[in-house]
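Chain A is the first sequence line, chain B the second, and so forth, proteins listed ahead of strands; every chain is numbered from 1. Note that the coordinates shown come from a computational prediction; the quantities given were computed from them, not determined experimentally.
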2 protein chains.
Amino acid sequence: MTAETKINLSEQARERLLAAARVVFSENGFQNATVREICRRAEVNIAAINYYFNSKEALFAATLNFEPLLALCKKINQGSICAQERLLDFIHDFLMQLLDEKEFSVQCQFMARELAEPTPVLGKIVQEAIAPIHQFVANLVCEIVGEKINEAELRRCVFSIFGQCMYYRHGQPVIQRLHPKLRYDHREIEAIAKHIGEFSLAGLKQIAQNECP
Amino acid sequence: MTAETKINLSEQARERLLAAARVVFSENGFQNATVREICRRAEVNIAAINYYFNSKEALFAATLNFEPLLALCKKINQGSICAQERLLDFIHDFLMQLLDEKEFSVQCQFMARELAEPTPVLGKIVQEAIAPIHQFVANLVCEIVGEKINEAELRRCVFSIFGQCMYYRHGQPVIQRLHPKLRYDHREIEAIAKHIGEFSLAGLKQIAQNECP
DNA sequence: TTTACTTTAAAACAAACGTTTGATACACTC
DNA sequence: GAGTGTATCAAACGTTTGTTTTAAAGTAAA
């Protein structure tokens, strides 16, 4: 058995642990997820979490990956289309990461969880992921409504956009009971993105008129 | 000591328990709230919860009170003003109940919690409070954009309005870290209500144009 | 084979949780 | 004053939680 093979084998437990943790954390949140469930799904002993990582919290931190979210901002900034189109693209891609269960959206779903149920790593998440993405949208809004908008109103515009998007994830337990047939398939997400995009652009235009009549 | 006085005294513990439970549940959610903390604040023995109520869950159910929220709908329906104005009034009053800590808004805050962290009584909450209030807003939206809007788009309009409002409560842990100076005083809530109202009316007008060009 | 090191395993740990118990004090009825 | 039902209390119950321990199994180099 080569050294490489050994590393692969010994790393298997660690990787299976990470994969299982991503699933269980995103399904149940940090608090409700139990180390026993994670280990059961990863098919490792319960002591493995504290062997490979040092704690449940460190395992949670290790599962975080902000790159897909930040890559989304960079990708959209590269295009040379107008600010309105870029905002529509962002809303679409953001909802895809947030709602599509088939995608690698699990990391993004953590952040949605954190909004409602703060954990000790929330500070890090806000600093490295949420703040940049809020700033990104704030810049887009500035381009759309003009620079003369005041800071408080700009903040509320950003909140209006994120609020609409996040509601579909935060409110899922309620939405599921209100509309049991509703499923977030690809077509539905497209429709949601189209709606929020048009709704928000009209809203922003109204705010811009208020500020500069 | 009269019989009435005796009842008052014996009911004191029960009432103090309810009052403390409302506070602790709204601050920490159902799961994170502990019976020991509730009893400590109510200054009763830890056995009192299972003596007066039968369980922590039954105590939680007993603290629920949907009347302020439903009264809000009735009050607004009584006015003879146009649908737009009624929607603005609703958003304002709803945000007041949702965000103002000085008001008797504690009951309303439960429902916000439930959105993200479902408990065994969520079904009851959706049926008796959230569904009616969603229907109320849906009716307002119908009046504003015209009856010809299709069901899915109507639902998304309602979600856009509630999403904007709820974000200020759901996102509070994050918002607090993003904007540490931001406080939900009376003036700020008024400003938020004004923003969401204008933003949403413009959004609805745009959706109405799409449906009936 | 011996040695040193890494990985796995079962069991137990301490803490926190909601809940229950059994005793005690009290007010009222007969 | 004995008996009855209510209210309160400290203590302990049984579970579940994340974490730790201790020992065994496996692996690679000497």
**Asked** Rounded to the Å, how far apart are Asn54(A) CG and dT21(D) P?
**Response** 13 Å

**Message:** Which nucleotide wins on minimum distance to the side chain of Arg36(B), given the candidates dC17(C), dT8(D), dT8(C)?
**Reply:** dC17(C)

**Message:** Nearest whole Å is fine: how far is dT27(D) P from Gln12(A) CD?
**Reply:** 12 Å

**Request:** Sequence neighbours left out, what passes side chain to side chain contact (heavy atoms under 4.5 Å, CB included) with Asn77(B)? Give chain and number order.
**Result:** Arg86(B), Phe136(B)

**Message:** Checking Ala71(B) now: which residues fulfil side chain to side chain contact (heavy atoms under 4.5 Å, CB included) with it, not counting sequence neighbours?
**Reply:** none

**Prompt:** Please give, in whole Å, the distance from dC17(C) C1' to Arg40(B) CZ?
**Reply:** 17 Å

**Fill in**
Considering only heavy side-chain atoms of Lys56(A), the closest of dT8(D), dT19(D), dG18(C) is dT19(D)

**Request:** Please list, chain by chain and in numerical order, all residues satisfying salt bridge (charged side-chain N to carboxylate O under 4.0 Å, His left out) with Lys194(B), sequence neighbours excluded.
**Result:** Glu198(B)

Output a table of donor-acceptor pairs, distance under 3.5 Å, between side-chain atoms of residues 44-51 of chain B and any protein atom two or more places apart or on a different chain; print 'none' if there are none.
from: Asn45(B); atom 1: OD1; to: Ala47(B); atom 2: N; distance (Å): 2.9

**Item:** Contacts of Asp89(A) that satisfy salt bridge (charged side-chain N to carboxylate O under 4.0 Å, His left out) - sequence neighbours left out
**Value:** none

**Message:** Does anything in residues 45-69 of chain B form a salt bridge (charged side-chain N to carboxylate O under 4.0 Å, His left out)? List the pairs, not counting sequence neighbours.
**Reply:** none

**Item:** Separation of dC17(C) C1' from Gln31(A) CD (nearest whole Å)
**Value:** 12 Å

**Request:** Would you tell me if any nitrogen or oxygen in the side chain of Tyr52(A) comes within less than 4.0 Å of OP1 or OP2 on dT8(C)?
**Result:** yes

**Message:** Please report the distance, rounded to the nearest Å, between CZ in Arg16(A) and C1' in dT7(C).
**Reply:** 12 Å

**Asked** Which heavy-atom pair separates Glu153(B) from Arg156(B) by the least distance, and what is that distance?
**Response** OE1-NH1, 2.9 Å

**Prompt:** Ion pair present between Arg155(A) and Glu188(B), side-chain N to carboxylate O less than 4.0 angstrom?
**Reply:** yes

**Request:** For Ala58(B), answer base if it contacts any base atom (sugar-phosphate contacts may also be present), sugar-phosphate if it contacts only those atoms, and nothing otherwise; contact means non-hydrogen atoms under 4.0 Å.
**Result:** nothing

**Request:** Identify, residue by residue, the members of residues 41-51 of chain A with a heavy atom below 4.0 Å from DNA chain C, and return them in order of residue number, or none.
**Result:** Asn45(A), Ile46(A), Ala47(A), Tyr51(A)

**Asked** Which whole-number value in Å describes the distance from Asn32(A) CG to dA16(C) P?
**Response** 19 Å

**Message:** How many whole angstroms separate atom CZ of Phe53(A) from atom P of dT19(D)?
**Reply:** 13 Å

**Item:** Terminal helix-axis angle for the helix from dT1(C)-dA30(D) to dC30(C)-dG1(D), with five pairs defining each axis and rounding to 10 degrees
**Value:** 30°

**Prompt:** Can you check the Leu17(A) CG to dT19(D) P distance for me, whole Å?
**Reply:** 12 Å

**Residues forming a ring-ring contact (aromatic ring centres under 6.0 Å, His included) with Phe159(A), sequence neighbours excluded** = His134(A), Tyr167(B), Tyr168(B), His179(B)

